[in-house]
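Down below is the structure, laid out as structure tokens.
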Number of protein chains: 2
Amino acid sequence: MIFSKACEYGIRATVLIAQHSLNGERVGLKVIAKEIASPEAFTAKILQTLSRNKIVSSIKGPRGGFEIPIVNMENLRLYQIVKAIDGEELMEECGLGLKACNPEKPCPIHHQFKDIRTNLVKMLRETTVHDLAIGMKDGATFLKV
Amino acid sequence: MIFSKACEYGIRATVLIAQHSLNGERVGLKVIAKEIASPEAFTAKILQTLSRNKIVSSIKGPRGGFEIPIVNMENLRLYQIVKAIDGEELMEECGLGLKACNPEKPCPIHHQFKDIRTNLVKMLRETTVHDLAIGMKDGATFLKV
DNA sequence: ATATATTAAGACCTTTTTATCTTTTAATTG
DNA sequence: CAATTAAAAGATAAAAAGGTCTTAATATAT
């Protein structure tokens, strides 16, 4: 898979939280785990990472839960989620794992990969969580497992 | 990373073997592991997988080693190596790991991902090991770690 | 035929990723 | 302020990926 399992859950959770935030609602861990069909305790860990990285806001106590202010959502990119969970390796490092790979000393698949990598990064940098939440709200996209 | 470590080593090994095969030489495990800077025993396992999948030919005994007949090389695609080692998940499955994701019920990032995925598969299906071996022979590409 | 060089196979170990459980901290409400 | 609800943190466990070691099988050359 392109993202780790943790990252898949992280993106799914973020989109779900964003969708609820569009309605001015917070969502708790239990609901998130159920809605995105992820293991609850593992999801909690991932949400902690997202919270530490200011990707989601968490509020403790009764009526607490997770939310993403709409203002933030509009400037929050997929790139930031992937970076927070999987790091930037996918976006930056050589497809064959060669540290010495660069345009002057390219690896055997360097050129074949370049455009794919560029487009992936472009997509991750351009796509906002707001875009994704709107897609869900409109019924154009789904988080069905 | 986009490929597993095993797959990175597998591609690197295949390209190295192909390059030697262009010169009519076989390469043994020790040389391969040294040239691509991979752990020898682990590389042996990966070469077994490649051999079982008819991606490389192996010859035992003195003057044995690995080779790829040039005729095969010209029709051998990156896709087959990745499929043999990592499977087809990267090429086929939903970016968010949703089994139910399809064009009628797309996941939140389905459309953003579609073209990237298509281009990746296209590249893996079009790039032959012969292409990569020629690049190495010409000194246009490198397996330097 | 025998010794040797080489890959194949299988058991084993280590590290990382995925996942769970328990305890602590913090916010809300009565 | 006490009780309750919810997330944070940390310790632990299971599974998968990454990696090693030993023994077997097989081809070659003498």
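It should be emphasised that the depicted structure is a prediction, and the values quoted were computed from it without experimental measurement. We name chains A, B, ... by the order of the sequence lines, and we start the count at 1 in each one.
Distances were taken from every side-chain heavy atom of A/S58 (C-beta onward) to each of D/dT20, D/dA7, C/dT4; the shortest belongs to D/dA7. Checking D/dA6, C/dC21, C/dT29 against the side-chain heavy atoms of A/A41 singles out C/dC21 as nearest. Taking every side-chain heavy atom of B/I59 into account, D/dA27 is the closest of C/dT18, D/dA27, D/dT5.
No hydrogens or angles considered: nothing links the side chains of A/D115 and A/T118 as a donor-acceptor pair under 3.5 Å.
Remark: A/S51 is in phosphate contact with D/dA8, judged by side-chain N or O atoms under 4.0 Å from OP1 or OP2. OP1 or OP2 of C/dA19 lies within a sub-4.0 Å distance of a side-chain N or O belonging to A/Y9. Here A/R52 reaches the OP1 or OP2 of D/dA9: one of its side-chain N or O atoms lies under 4.0 Å away.
Whole-Å rounding puts the A/F66 CZ to C/dA26 C1' distance at 13 Å. Note: CZ (B/R12) to P (D/dG18) measures 13 Å, nearest angstrom. Straight-line distance from the CZ atom of B/R63 to the P atom of D/dA29: 6 Å, rounded to whole Å. As a whole-Å value, the separation of A/F42 CZ from D/dA13 P is 18 Å. In this entry the distance linking CD1 of B/I85 with P of D/dG18 reads 11 Å, nearest Å.
For A/A44 and A/G61, each mapped to the nucleotide of DNA chain D holding its nearest heavy atom, the one lying further toward the 5' end belongs to A/G61. Where A/P62 and B/V27 each meet DNA chain C at their nearest nucleotide, the meeting point lying more 5' is that of B/V27.
Within 4.0 Å (heavy atoms only), A/K45 reaches at least one base atom of the nucleic acid. In this structure, B/R26 reaches neither bases nor backbone, as no heavy-atom distance under 4.0 Å exists between it and the strands shown. B/L47 comes within 4.0 angstrom of no nucleic acid atom, judged by non-hydrogen atoms across all strands.
For the pair A/D86 (side chain) and A/V82 (backbone), a donor-acceptor distance under 3.5 Å is absent.
The distance from the CG atom of B/L132 to the CD atom of B/Q19 is 11.0 Å, given to the nearest 0.5 Å.
Evaluation of atom-type donor-acceptor distances gives a pair under 3.5 Å for the side chain of A/Q48 against the base of D/dA9.
Of the candidates A/R26, A/E25, A/E67, A/H20 forms a side-chain hydrogen bond (donor to acceptor under 3.5 Å, both in side chains) with just one, namely A/E25.
Environment of NZ in A/K5: crowded, with over 12 heavy atoms of neighbouring residues, nucleotides or ligands closer than 6.0 Å.
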